[in-house]
Amino acid sequence: MVPDIPLAWFLLFADATFAVGLFGVLTRRNPIALLMAIEIMLNAANLNLLAFWRYGTPAVGDGPLTGVVFAVIVITIAAAEVAVGIALVLLCYRRWKTADVDRYDTLSG
Amino acid sequence: MSRLRLLLGLAVALTLGLVIEWLLLTRLGPLRAVFAQVSVLALLAALGVVLARNLVHAALFLVAFFFLVACQFVLLEAEFLAAMQVLVYIGAVSILLMFGIMLTRNVQGDQTTAASPATYALGGTLALGLTVLLSVGIIAQRSPVGRSWVATSERTPLADEAGSPNEMGRAVADMAPALGTELMTRWVIPFELAGLLLTAALVGAIALARGSEPPTTPPAATRPARRASGSDSPNGSSQPVESQPVGAQSP
């Protein structure tokens, strides 16, 4: 009997990955690097959803694939987010000629 | 001499790797050993993404990270989602990010705009604090019936006592059609909303990134009429592209 992976291992891994992504968002100043760090955080969340799907029991009437459907929706949202994000970065780069979020400070008083 | 050193280094690395592999396999069993290695590699790749100075290196680390997360999906028996992860994230998102890097021509990354050490300290403290907080929560968690996540190491069964697959087992074994059916019946409203969002986001992205170019010159058929109406008031045409020929011909 092969010992299976405990649920907590997946959760701890997703926790550490999310923290790495958060660190990136807090320290990076290039907007594209920020988008990359956000993608890391989204992936950590997705892993959590799938782990709870595989180790838990779906509620009655929710079908057998709750977590997978949730993860698919998250992947869709992530793709939309990164497309709009890149477009905004390109627009900001064209207007201010810089790729540094600290320099996009027109709205700060 | 250098070749000998290279061979020696390779042999040492291979031996060390084999020893570590053997230790992991005998201590943890195959599944857990694979999980441990994939996790360590994925964490290293994620750290590479947030720490790499060169943005192209960061993007390549991100590709490695996506692939390793796809491996985790396989470990969770969601092979279809792993394929989706490879297609959507590695195939589309990272290429899009590469395009962004290329178009902003900032290959040097943060080299010229490095964050201050205070920012690094603050970010590191916050991230580490979050990790510790969540880890304590995960390890100390108890469900109302006393089951903990640490002790939960058996998955939801995919077959009943007789050995025939149950509803979840059938869905896991043949996930693409099952997922399609689920998306089209039970989860049709979230599915349609996601499709609407994706359409709106992509159209918006194109509209944003195209920018406001100067309007194209009107077709030749409308030109004489414009020029005739604009001849009595040369300042009437506001477009600089058009005012140039008008101004050149009026004297």
Side-chain angles (χ1 to χ4, degrees), chain A residues 2-13 15-24 26-30 32-33 35-37 39-40 43 47 50-51 54-57 63-65 68-69 71-73 75-80 82-84 86-91 93-94 99-100 102, chain B residues 29-32 35 39 43 46-47 49-50 55 58 62 69 72-73 76-78 81 88 93 96-97 100-101 103-104 106 109-110 113 115 119-120 123-124 126-127 130-131 134-135 138 149-150 152-156 167-168 171 178-179 182 186-187 190 194 197-198 201-202 204-205 208-209:
Chain A
V2 174
D4 208 339
I5 308 160
L7 170 62
W9 288 25
F10 284 106
L11 304 183
L12 290 173
F13 169 73
D15 165 24
T17 317
F18 187 87
V20 170
L22 181 71
F23 176 74
L26 290 176
T27 56
R28 284 284 199 176
R29 292 169 65 188
N30 187 302
I32 297 188
L35 282 177
M36 292 184 193
E39 291 302 316
I40 292 180
N43 263 287
L47 195 69
L50 278 179
R54 191 61 196 85
Y55 283 84
T57 317
L65 287 178
V68 179
V69 171
V72 167
I73 303 280
I75 288 178
T76 316
I77 307 276
V82 84
V84 174
I86 291 281
L88 286 175
V89 169
L90 288 184
L91 208 62
Y93 181 76
R94 233 180 270 154
D100 180 354
D102 286 352
Chain B
L31 266 179
R32 294 181 176 189
F35 176 86
S39 302
L43 272 180
L47 279 174
V49 173
V50 297
L55 272 188
L62 194 69
V69 171
Q72 302 269 30
F73 288 176
L76 281 168
E77 292 170 65
L81 262 190
V88 174
V93 167
L96 207 57
L97 288 169
I101 295 168
L103 289 174
T104 54
N106 203 338
D110 299 317
T113 65
T119 312
Y120 271 110
L126 277 175
L130 182 79
T131 321
L134 287 179
S135 305
I138 288 166
W149 286 336
V150 181
T152 305
S153 63
E154 70 279 356
R155 303 172 182 225
T156 310
E167 190 189 16
M168 195 164 167
L179 186 61
E182 285 287 305
R186 198 173 266 121
W187 308 106
L197 175 89
L198 200 57
L202 292 183
L208 281 177

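Order of the sequence lines fixes the chain letters, A, B, ..., with proteins taken first and strands second; residue numbering starts at 1 for each chain. Bear in mind the structure is a predicted one, so any value in this text is a computation, not a measurement.
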Closest approach of Leu130(B) to Asp15(A) (non-hydrogen atoms, all atoms of both residues): O-OD1, 4.1 Å
Tightest non-hydrogen contact, residues Gly123(B) and Phe23(A), listed as C-CD1, 3.5 Å
Nearest heavy-atom neighbours spanning Met36(A) and Leu55(B): CE-O, 3.9 Å
If I measure from the heavy atoms of chain A, does Leu62(B) come under 4.5 Å with its side chain, its backbone, both, or neither? side chain
Under 4.5 Å, counting heavy-atom pairs only, tell me which of Ala51(A), Ala79(A), Gly21(A) racks up the most with chain B. Ala51(A)
From the list Thr119(B), Val49(B), Leu126(B), the residue making the most non-hydrogen contacts under 4.5 Å with chain A is Val49(B)
With chain A, which of Leu43(B), Thr156(B), Leu31(B) has the greatest number of heavy-atom pairs at distances under 4.5 Å? Thr156(B)
Identify which part of Arg32(B) has an atom lying under 4.5 Å from any heavy atom of chain A, answering side chain, backbone, both or neither. both
Among Leu202(B), Val88(B), Leu134(B), which residue forms the greatest number of heavy-atom pairs with chain A at distances under 4.5 Å? Leu134(B)
Relative to chain B, which of Leu22(A), Thr76(A), Leu88(A), Val89(A) shows the most heavy atom pairs under 4.5 Å? Thr76(A)
By a 4.5 Å heavy-atom criterion (distance strictly below it), what part of Ile86(A) contacts chain B: side chain, backbone, both, or neither? side chain
Taking Arg155(B) for the side chain and Ile5(A) for the main chain, is one N or O donor matched with an acceptor at less than 3.5 Å? no
Testing Leu50(A), Asn43(A), Thr17(A) one by one against Val69(B) for a side chain to side chain contact (heavy atoms under 4.5 Å, CB included), which residue passes? Asn43(A)
Taking all non-hydrogen atoms of both residues into account, name the closest pair between Val20(A) and Leu47(B) and its distance. CG1-N, 3.9 Å
Smallest separation among heavy atoms of Thr131(B) and Ala19(A), with atom names: OG1-CB, 3.0 Å
Which bit of Phe18(A) comes within less than 4.5 Å of chain B, counting heavy atoms only: side chain, backbone, both or neither? side chain
Under a 4.5 Å cut-off applied to non-hydrogen side-chain atoms, are Leu197(B) and Ile77(A) in contact? yes
Heavy-atom closest pair, residues Gln72(B) and Leu47(A): CB-CD1, 3.6 Å
Selection from Gly29(B), Gly204(B), Ala201(B) maximising heavy-atom pairs under 4.5 Å formed with chain A: Ala201(B)
With chain B, which of Ile75(A), Leu90(A), Thr57(A) has the greatest number of heavy-atom pairs at distances under 4.5 Å? Ile75(A)
Under 30°, 30 to 60°, or over 60°: which ring-plane class applies to Phe35(B) and Trp9(A), parallel, tilted or perpendicular? tilted
Look at Ala83(A), Ala71(A), Gly24(A), Pro6(A) and state which one has the largest set of heavy-atom pairs under 4.5 Å with chain B. Pro6(A)
